[in-house]
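One is the number of the first residue; the rest follow in order along the sequence.
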Amino acid sequence: MSSSQAFDPAQVFEIFGMRAVDSASFDREVVQAPGDDLRCVFLWGQDCYNCNVFKQTAMLHKDALLDLGLSWFECNVYDDVALGQRFSLHGVPAFMMFRQGKRLGRISGWPGLPQFTDALRRLRAEAKPAAESKQ
């Protein structure tokens, strides 16, 4: 994306196929939905500087983020305060990770692409022994 192109923060939702969730739909859509995909819930706020930094980074590095194989969800917690309170958020952005009905972890703030990728790698490595022990 060149500096002459206008940046539309909402584009990130479409490109990553982020499904909107709220307090009423969160458990049904994220926690209780069938499948063993790794679900990342992007909790953000309107006009949040750091949320927009993530969105810009996501657009610039969309292939790298798409290659992570996440199922993406999003919620503007400024509009849905109850969801932010559910997770005791003190700031945004925050990324909540879920798999098979379990909350696996949280990334607070946008640490940057290398740190985000490393955190996901560690999360997957920690979850793998648990999955293997069930077999």
Within 45° of the six-membered ring axis of Trp44 and under 6.0 Å from that ring's centre, is NZ or CZ of Lys55 located there?
-> yes
Using a 4.5 Å cut-off on heavy atoms from C-beta on, say whether the side chain of Met18 contacts that of Cys40.
-> no
State, to 0.1 Å, how close Cys51 and Cys48 come at their nearest heavy-atom pair, and which atoms those are.
-> SG-SG, 2.6 Å
Measure the shortest side-chain to side-chain distance between Phe95 and Phe54 over non-hydrogen atoms and say whether it is less than 4.5 angstrom.
-> yes
How many angstroms lie between atom CZ of Arg99 and atom CG of Asp37, to the nearest 0.5 angstrom?
-> 7.5 Å
Atom pair CG/CG of Asp63 and Leu68 - distance to nearest 0.5 Å | 11.0 Å
Is Val21 isolated, or which residues cluster with it under the ILVMFWY side-chain rule of less than 4.5 Å, directly or via members?
-> Phe26, Val30, Val31, Val41, Leu43, Phe73, Val77, Tyr78, Leu83, Phe87, Leu89, Val92, Met96, Phe98
Step through the shown structure and confirm whether more than 12 heavy atoms of other residues, nucleotides or ligands are within 6.0 Å of CD on Gln32.
-> yes
Which value, rounded to the nearest 0.5 Å, describes the distance between Leu38 atom CG and Leu123 atom CG?
-> 6.0 Å
With a 4.5 Å limit on heavy-atom distance, are the side chains of Asp79 and Asn76 in contact?
-> yes
Sequence neighbours left out, what passes side-chain contact (heavy atoms from CB on, under 4.5 Å) with Asp22? Give chain and number order.
-> Ala24, Ser25, Asp80
Rounded to the nearest 0.5 Å, what separation is found between the OG atom of Ser23 and the CD atom of Gln85?
-> 8.5 Å
Can you tell me how far NZ of Lys62 sits from CG of Asp67, rounded to the nearest 0.5 angstrom?
-> 12.5 Å
From Gln11 atom CD to Gln56 atom CD, the distance as rounded to the nearest 0.5 Å | 11.0 Å
Check for a donor-acceptor pair, side chain of Arg39 on one end and backbone N or O of Ala33 on the other, with a separation under 3.5 Å.
-> yes
Would Phe16 and Phe42 count as a close aromatic pair, with their ring centres under 6.0 Å?
-> no
